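Here's the structure we're looking at; comments come further down.
Predicted model only: the values in this text are computed from it and were never measured. Every heavy atom of this structure was used, including side-chain atoms; hydrogens, water molecules and symmetry mates were not. Letters go in sequence order (proteins before strands), and every chain restarts at 1.
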Amino acid sequence: MKKRFLIGMVLPLTAASFVVGCRPTSSGDKIDVTKTQIYINNFKRGFGSKWLDDLKTRFESLHAEDSYEEGKKGVEIIIHSIGSTADSRKANILSGVDEIYFTEQSYYYDLIKYEKDGVLYDITDAVKNPLTEYGETKSIEDKLTEEQKDYFYYQNEGGEKKYYALPHYAGYFGLQYDIDVFDNYMFYFAKNPISPEYPFIRDLTDEKTAGPDGVEGTFDDGLPRTYDEFFKLCDYMVENDVIPFISTGANANDYLNLLVNAFAADYAGKDNTVAKFKASGTVSRLGNVDSNGNVTPIPDETLTIDTGYRAYKSLGFYYGLEFLKKLTSNKNYYFRGANGSGGLDSSAYSAKSAQDEFLISYRDSKRGKSKDIAMISEGIWWEAESETTSETLSGGNPNSPYAKMNRHFGFMPFPKATMERYEESNKNTLFDHLFSLMFVKRNVASWKAPLLLDFMRFANTDESLRAFTRITNTPKSLNYTMTDEDKAQMTAYGRNLIELKENSDIVYPGNSSTIYQLNSGWFHHNSQYSALIDGVRNDYVWQALPKVSAATYYNGMYAYYSDYWKNLAK
Amino acid sequence: MSRKKFFSKDLIFYVVMLAFPVLQFCIFYIGVNGRSLLFAFQTVDQYNNATFDITALSNAFHQLFTKTMLIKIGNSFLAFLLTYSIGTTLALFFSYFIYKKLAGSALFKVFLFLPSIISSIILATIFHFFMEEAVPTISNQWFHNTISGLMSNPDTRFGVVIFYNVLMSFGTSVLMYSNAMSGLSNEIVEAAKIDGCNQFREFFHIVLPGIFPTITTFAITSVAAIFVNQLALYSLYPGGADASIQTIGYFLYIETLRAGDNQAQYPLLCAFGTLISLVAIPLTILTKFLLERFGPSDK
Amino acid sequence: MKSRDRILDKFAPKKKSSVSIFSIVIIVFLALYCLTLITLFIWAILASFKEPVMEWRENVIGLPYSFYTDNYEFSLGRFYVDVTDPVTSESIQVTLPYMFLYGFLYAIGCAFAATIVPMIVGYVTSKYRYKFSKVIYFVVVIVMIIPIVGSLPAEIRMARRFNLYDQIWGMWILKANFLGLYFLVFYNFFRNLPDAYNEAAKIDGAGNFRTMVQVIIPLAAPLFFTVLLINFIQFWNDYSVPLIYLPTYPTAAVGMHQMAAGNDKELQYIPIKLAAAIIMLVPILIVFLATHRKLLGNLTMGGIKG
């Protein structure tokens with residue numbers, strides 16, 4: 001016993017001596033010592049890193065013969081794919097090896113101001129000078145929208161204006177629909193229905209309604225224009241043994257907040273939506289809703305920094321909530337798993353599973369093994385994210401009907417809450433909620449900075465932007481045009497997104513107002529749907545909406561934010 | 001071993017032995033909690049400059065009486081009552097079983113201790129998926145009854161969380177109780193048997209009073225932990241637990257995690273902690289007093 | 001010697017253990033309890049061998065269609081945490097062997113510190129009856145019954161100030177306190193130990209320190225090991241403290257936490273997550289089954305007085 005006891009005493013002490021210097025030596029980056037390295041940190045989620053591999057290949061070959069360090073020739077790009085956002089790694093950015101970041105859900109002003117000096121490099125010149133070396137006359141700044149310029153062209157305390165980051169990919173949330181399923185079942189509204197009871201087309205050649213955009217001959221013809229039509233369509237789907245939509249249960253808190261947010265923004269329109277994030281400007285489409293759901297409009301108001309919370313009277317929120325309430329209160333409307341063990345009702349049902357099911361059910365329904373699913377509640381990254389499942393389904397055969405290039409999906413333009421709203425304006429509004437950034441870290445070596453800025457410029461040439469879109473089948477949030485040749489290499493979904501982006505107003509919540517600068521983390525999309533219900537704070541729509549009405553939630557949101565507003569830094 | 005005989009040598013040894021533990025205690029208990037208390041009376045700006053005021057304290061006080069927080073407090077109590085009453089009753093029965101070395105007790109002992117040795121994150125992961133995926137499938141395939149996942153269903157989730165906590169609670173308590181039982185004097189137990197005392201009576205009249213000090217200790221630690229107990233919610237719901245089932249312990253842990261190194265958030269959290277402690281301390285002392293006053297007298 | 005005792009035990013006449021209704025009720029509960037655990041484990045093991053996309057959709061509770069081991073292969077490959085080396089600023093991938101090493105060092109050191117300190121303090125305060133001993137006992141009891149909530153932020157600050165933050169040995173110091181149940185366990189043990197041991201050692205001319213190390217501590221060895229093991233297991237499984245205090249030394253439990261909370265594409269699949277859980281489960285299960293006899297004896301704790 002004594003011996004073993006001694007061992008027990010000695011062992012930890014011996015162990016102690018091991019601790020010092022006990023680290024893996026490196027990440028296993030095998031670097032080519034004859035080249036200059038650029039370290040890139042990529043947030044690895046839905047959009048993947050294929051686009052970055054492409055960028056790497058092109059940039060490396062472009063500079064294969066150039067020398068940046070004595071005795072070295074060429075550039076080697078090392079990519080670190082990371083599962084956490086730059087915002088959550090703020091404290092490690094300056095000490096870390098990575099020099100360029102592609103990230104999301106990162107708050108620009110927080111990064112600029114982090115521990116006084118921030119973590120971002122001044123890229124003003126790289127943004128403002130025309131991209132002549134790449135044969136373009138425009139500068140990167142020219143590719144930004146007015147809203148993006150306002151957000152990214154930061155004015156520091158000295159009154160100087162600087163660029164510290166650029167927008168990266170775009171994230172629009174909504175209902176994505178399976179065009180193949182819609183076509184099979186002819187889930188389109190007819191322009192001249194044979195009877196009011198049967199408003200749908202009976203043959204694909206039948207004339208369809210003008211769709212949400214009100215223009216005939218566009219991609220959205222025959223799609224539901226209003227909530228009424230939408231739910232009529234859902235009922236019709238159920239009659240046809242098709243499940244209207246699928247959603248993750250594991251991420252339901254986030255995903256359904258985002259869905260409501262998307263519908264809310266579309267109802268309110270771009271200007272009204274942005275006004276909330278600035279606490280200034282005139283807002284319209286406000287209203288009171290009583291507990292029975294009766295809506296009384298409120299005259300337009302002008303927001304100030306003290307009354308910014310009045311933006312929560314936007315009827316967009318009410319109608320967004322109302323939409324979700326209707327969509328989820330009928331259990332036939334959503335996928336619940338073969339055994340009730342999946343979909344929205346299971347907090348174990350991941351977003352990935354929902355994407356897979358959406359794709360697989362199309363094949364299995366043909367084998368009588370499952371029902372078709374018409375829509376998925378997702379962000380535009382979903383198709384890129386579920387690529388491997390498409391490959392499994394097609395067995396790698398590009399001619400398979402299940403191959404990615406042979407499938408047809410679309411982003412469903414938002415149906416409007418009422419016919420009046422539809423007639424008032426049928427413009428589609430998209431909300432870019434991802435706060436996706438590209439930046440160079442502040443403390444890079446001065447000899448290396450020009451190379452890194454060059455890479456940044458290269459990544460924002462039209463050629464690189466188009467390559468991103470071709471590969472991910474999603475648009476970036478800068479302005480550039482895809483050629484027909486590009487489009488031919490893309491999926492139907494990718495082409496649909498380009499068309500959608502061109503025809504929509506896009507809400508970019510980031511802006512330069514003081515209140516936004518001081519509270520940008522708070523204005524994060526997910527923290528914008530808290531509500532006081534029976535005096536209890538509830539942060540997620542999905543946690544309360546099954547139990548309460550949309551009106552109660554809507555009024556609870558106003559109650560919460562009108563009280564909370566005083567706590568914001570101003 | 002009287003004090004007078006070996007005064008100086010003993011004292012030096014005594015001081016040397018205790019120096020480090022006491023110093024450690026002063027820094028990491030008194031120091032830390034003192035600092036925490038100090039935070040409760042401060043405001044920290046975005047550059048981590050602290051100034052003294054009672055904003056945090058008054059905000060915390062104000063928020064403590066909102067329904068949002070009262071529900072968390074209520075949940076903490078309810079969870080304590082349920083897990084303690086069910087958990088302890090079962091634990092005592094089980095301990096008795098093991099103490100009596102009834103059939104299979106060695107195996108049961110291993111099983112009872114098993115959850116304590118497995119990382120909560122592993123067990124919670126398995127449990128979560130089982131309740132959400134397997135249970136509805138079983139219900140559907142075997143009983144043709146479609147139900148939703150038990151942990152997402154608002155009607156069942158709190159119950160399931162309590163069930164999980166009871167399931168995981170037996171390790172140390174059964175160990176301590178059964179070992180305390182084996183420390184009971186054999187003569188009394190045997191004498192009772194000769195008097196015709198059956199197992200039921202033996203349990204309630206001899207064993208329970210015999211190990212009452214141990215029961216008291218566990219009761220006091222459980223009461224003291226009412227507001228620290230997170231109910232394993234962080235492991236069970238990686239995506240965040242619903243507000244209606246959160247406890248104070250979970251809330252404070254989550255908020256601290258969220259605050260990260262943003263010290264501006266600390267004062268409010270510390271103020272909450274301080275105020276909650278003001279409730280918890282008298283409660284624990286009262287429990288101790290009541291148990292000692294009305295429990296079976298100790299020898 | 002020991003094994004012979006055990007054999008003799010077996011043949012010794014059994015004490016009357018009449019099967020009463022009372023014990024049947026208990027056995028039913030115990031059986032239900034065990035059944036629940038067994039069901040959970042068996043289900044998880046079966047599930048971890050199911051193909052995660054196509055098969056899992058339709059086969060949640062049945063036997064696996066085939067013995068699909070890719071989940072394990074994937075989990076093993078995915079078990080790493082990216083950290084930034086604070087000295088070289090290099091990005092490091094901490095792989096499974098390192099996580100096990102860090103987990104082991106963290107657990108063994110903390111367990112040792114959290115066992116030896118209460119033992120020594122327990123011994124000294126129970127055998128040396130200075131007033132201060134009473135104070136210590138009183139402090140332990142008070143701390144036990146005074147729950148202080150929400151002091152984590154302050155503790156982090158303190159750890160940073162003493163440079164214990166993000167150091168494994170720093171955690172050992174942080175955990176080297178005498179507060180809590182195990183002090184009472186040791187105190188109880190030493191108080192019940194006859195003073196004769198000390199006095200005999202004194203007569204033999206042993207000093208205080210020698211007495212403690214050569215006479216008393218060996219007597220307490222079984223208890224020491226039991227507490228050490230329990231502490232070890234607790235620290236080994238703990239991910240919440242290392243998650244906050246050891247950002248660049250992710251332990252095995254932290255790795256598991258990252259896997260469980262991870263949102264990567266593949267990590268969203270239940271069979272893969274379960275495979276990861278089982279990989280983490282096996283080593284600790286082996287340790288437990290090898291040591292449970294030692295682990296499950298020895299511990300007794302009295303009441304709190306003071």
Heavy-atom pairs under 4.5 Å with chain B are the metric here; pick the option from [options] that has the most.
options                        : value
C/I284, C/I120, C/L289, C/I270 : C/I270
C/F162, C/W236, C/F232         : C/F162
C/L179, C/I278, C/V117, C/V287 : C/L179
C/A276, C/S133, C/A159         : C/S133
C/I173, C/L243, C/T125         : C/I173

With a 6.0 Å cut-off on the ring centroids, do C/Y128 and B/F13 count as close?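 Ring centres of B/F13 and C/Y128 closer than 6.0 Å.
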
Select one option (side chain, backbone, both, neither) describing which atoms of [X] are under 4.5 Å from chain C's heavy atoms.
X      : answer
B/Y237 : neither
B/L18  : side chain
B/F127 : both
B/I98  : neither
B/I126 : both
B/E133 : both
B/L123 : side chain

For [X], which atoms come within 4.5 Å of any heavy atom of chain B: side chain, backbone, both, or neither?
X      : result
C/V121 : both
C/L174 : both
C/L164 : side chain
C/F29  : both
C/Y239 : side chain
C/L37  : side chain
C/I26  : both

Most heavy-atom pairs under 4.5 angstrom with chain C, which of [options]?
options                        : value
B/F129, B/F25, B/F20           : B/F129
B/A134, B/G104, B/G34          : B/A134
B/S178, B/A271, B/P115, B/S120 : B/P115

Nearest-0.5 Å distance that lies between atom CG in C/L40 and atom OH in B/Y164: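 It comes to 9.5 Å.
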
Quick check for you: to the nearest 0.5 Å, what is the distance between B/R201 atom CZ and B/N198 atom CG?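 Between B/R201 CZ and B/N198 CG, I get 7.0 Å after rounding to 0.5 Å.
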
Parallel, tilted or perpendicular for B/F108 and B/F97, by the 30°/60° rule?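 If you compare the ring of B/F108 with that of B/F97, the planes turn out perpendicular.
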
Please verify the inter-ring angle class for B/F218 with B/Y177; under 30° counts as parallel, over 60° as perpendicular, anything in between as tilted.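 Rings of B/F218 and B/Y177: tilted, as their planes differ by 30° to 60°.
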
Using a strict 4.0 Å threshold on nitrogen-to-oxygen distance, state whether C/E155 and B/R35 make a salt bridge.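 Answer for the salt bridge query: no.
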
Counting only N and O atoms by type, is there a donor-acceptor contact under 3.5 Å from the side chain of [X] to the main-chain atoms of [Y]?
X      : Y      : result
B/Y14  : B/K9   : no
B/S119 : C/N237 : yes
B/N229 : B/A225 : no
C/D238 : C/Q234 : no

Would you call B/L114 and C/F41 a side-chain contact if the rule is heavy atoms closer than 4.5 Å?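 Yes - at least one pair of side-chain heavy atoms lies under 4.5 Å apart.
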
Using a distance-only test with no angle check, is there a side-chain donor-acceptor pair under 3.5 angstrom linking B/Y96 and B/E202?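 B/Y96 vs B/E202: donor-acceptor pair found between side chains.
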
Evaluation steps, side-chain hydrogen bond (donor to acceptor under 3.5 Å, both in side chains), between C/K202 and C/N208: CA-CA 8 Å; C/K202 282 266 145 77; C/N208 282 307; 3.2 Å; yes

